[in-house]
Number of protein chains: 2
Amino acid sequence: MDDPGGLHSTVLEALGLRIVSGDLTPGQVLTLDSVDTEYAVSRSVSREAVRVLQSMGLVTSRRRVGVTVCPRDNWHVFDPRVIRWRLAGDDRTNQLLSLSELRSGFEPVAAALAAERATPQQCSALSGAVMDMVAHRHSGDLEAYLVADTIFHRTMLEASGNEMLRALGDVVAEVLAGRTHHHLMPATPRADAVALHERVANAIRTGDADDARTAMQAIIDEAAAALADPS
Amino acid sequence: MDDPGGLHSTVLEALGLRIVSGDLTPGQVLTLDSVDTEYAVSRSVSREAVRVLQSMGLVTSRRRVGVTVCPRDNWHVFDPRVIRWRLAGDDRTNQLLSLSELRSGFEPVAAALAAERATPQQCSALSGAVMDMVAHRHSGDLEAYLVADTIFHRTMLEASGNEMLRALGDVVAEVLAGRTHHHLMPATPRADAVALHERVANAIRTGDADDARTAMQAIIDEAAAALADPS
DNA sequence: CATCCCCAAAGATCAGATTTAATGCCACAA
DNA sequence: TTGTGGCATTAAATCTGATCTTTGGGGATG
């Protein structure tokens, strides 16, 4: 395993994954001591890991009681790490469907805003991303396709001019990455998916907000459909 | 100040506020030692505070360098604490406008979904919340009005049946709370605002997804307009 | 049966030892 | 002379073990 960032990061990842995957069920209590011995680390290492977990709403920590695992309602589900852990777990498909509904909430709006606010640089960046998607679709390099796809959505959200929408780029990135890394993508991406991306890019360049919105909505619908039927 | 949750929480709040308010500018570096002495706390207290700050994307911590304040792009702007700190700062209005655009992304969608999925209990909860809003609008009790308003939006998002949308209830709650606590609300809430809420509740009960969507969009537009002109 | 007090369990805090890596210095070569 | 590469220095985060403080529960007492 890698532990870039130190020991506490390792413990954090391990515990977070166990909680999110359901290995540690809500209501269950751990003690710091047990964490110490379990992972063979010192007090403050486990303390910091638990502290971050607490800041993500995954656990609560009370004296004399211990570290209690929180129910899902308390989880900060927009934290990229929580999303990644959930996509690594069992309810991967449910999570992706849930995220698709969320995306259909904001990405069409962002596309419409981008059509009104995108700079020429951003437009060309979008076009470039689409070109890369086309190229890597043919070459069958899913990893490179993922990179281009991610750049496309990040740039689009960035072009919306709204910082909150831009911040959701992390969420979309995790979704796209999880989808390919867990083999929920077709071996070669759908041709119509790429075409829709191109249509969004064109609509944004020409300032056609309505078409940008509907095409983006179609992208998400297509993704959700492909999820149910990965042909 | 209160420090429910221990010393580290105090330091966390103080540092977070200073970073978000711009008192500590991006690129600026602190050392843990300086934090220790500044707030007269011990090593692990400042360490845990900084660790949480890091998990929120507000700072990075590197050896031999210190704790570096991150630019805005890295902030986890969906963390309720970050929102609260920003609403407490100077760019309050910008932040609220940005959040309004975000809300117009997902709340209409959530309303439409709620119209298809809301349970009878949720419908009556919505109606009850609207009744409370009406009552407290007349009594002029802004705090009670806020509570009812918050319950309304939380219930609506809950009724959407999508956990990610429900999680955004925290964001909306912070927005509503910040708006009244920083006196950006009219002395007595707009009558048409309440009427729109009632229309949303009715649309959800009758399963009229389209009307729920448009009425919810109108609520957000009205709120954004009232922000620009707090009459 | 209710109340109060005492104790141990568990997290919270502290001060000190350890490890890492940025910086500046110096030797060497072009 | 000047540019480049490696090495020692040392500042800073990281980790460790011990101590302090709070708190939930059990038992004695009225």
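Every chain is numbered from 1 and lettered A, B, ... according to where its sequence line falls, protein lines coming before strand lines.
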>> Let's go through A:Glu13 and A:His8 carefully: what are the C-alpha distance in whole Å and the side-chain angles of both, what is the deciding distance for side-chain contact (heavy atoms from CB on, under 4.5 Å) to 0.1 Å, and is it a yes or a no?
In response: CA-CA 9 Å; A:Glu13 288 285 323; A:His8 82 99; over 6 Å; no

>> Using side-chain contact (heavy atoms from CB on, under 4.5 Å), reason through A:Phe78 and A:Ile83 one step at a time and then give a plain yes or no.
In response: CA-CA 7 Å; A:Phe78 286 95; A:Ile83 293 177; 5.6 Å; no

>> OP1 or OP2 of D:dT19 versus the side-chain N and O atoms of A:Arg43: is any pair under 4.0 Å?
In response: no

> Between atom CZ of A:Phe106 and atom CE of A:Met164, what is the distance when rounded to the nearest 0.5 Å?
Replying inline: 11.5 Å

> For the pair made of CG in B:Leu12 and P in C:dT13, what is the distance, rounded to whole Å?
Replying inline: 12 Å

>> Tell me which residues in residues 61-69 of chain B lie within less than 4.0 Å of DNA chain D, going by non-hydrogen atoms.
In response: B:Ser61, B:Arg62, B:Arg63, B:Arg64, B:Gly66, B:Val67

> Roughly, in whole Å, what's the span from OH in A:Tyr39 to P in D:dC15?
Replying inline: 16 Å

> With respect to the side chain of B:Arg47, which nucleotide from D:dT16, C:dT13, D:dC15 is positioned closest?
Replying inline: D:dC15

> Atom CG of B:Asp36 to atom C1' of C:dT13: distance rounded to whole Å?
Replying inline: 12 Å

>> Can you identify which nucleotide, out of C:dA12, D:dA13, D:dG17, has its nearest atom closest to the B:Leu32 side chain?
In response: D:dA13

>> Under a 4.0 Å threshold between the charged nitrogen and the carboxylate oxygen, would A:Arg179 count as salt-bridged to A:Asp149?
In response: yes

> Do the charged groups of A:Arg117 and A:Glu158 touch, with an N to O distance under 4.0 Å?
Replying inline: no

> Can you check the A:Glu48 CD to C:dG11 P distance for me, whole Å?
Replying inline: 16 Å

> Rounded to whole angstroms, how far apart are CG on B:Asp33 and P on C:dC14?
Replying inline: 14 Å

> If you measure from the Lys or Arg side-chain nitrogens to the Asp or Glu carboxylate oxygens, is any gap between A:Arg72 and B:Glu163 under 4.0 Å?
Replying inline: no

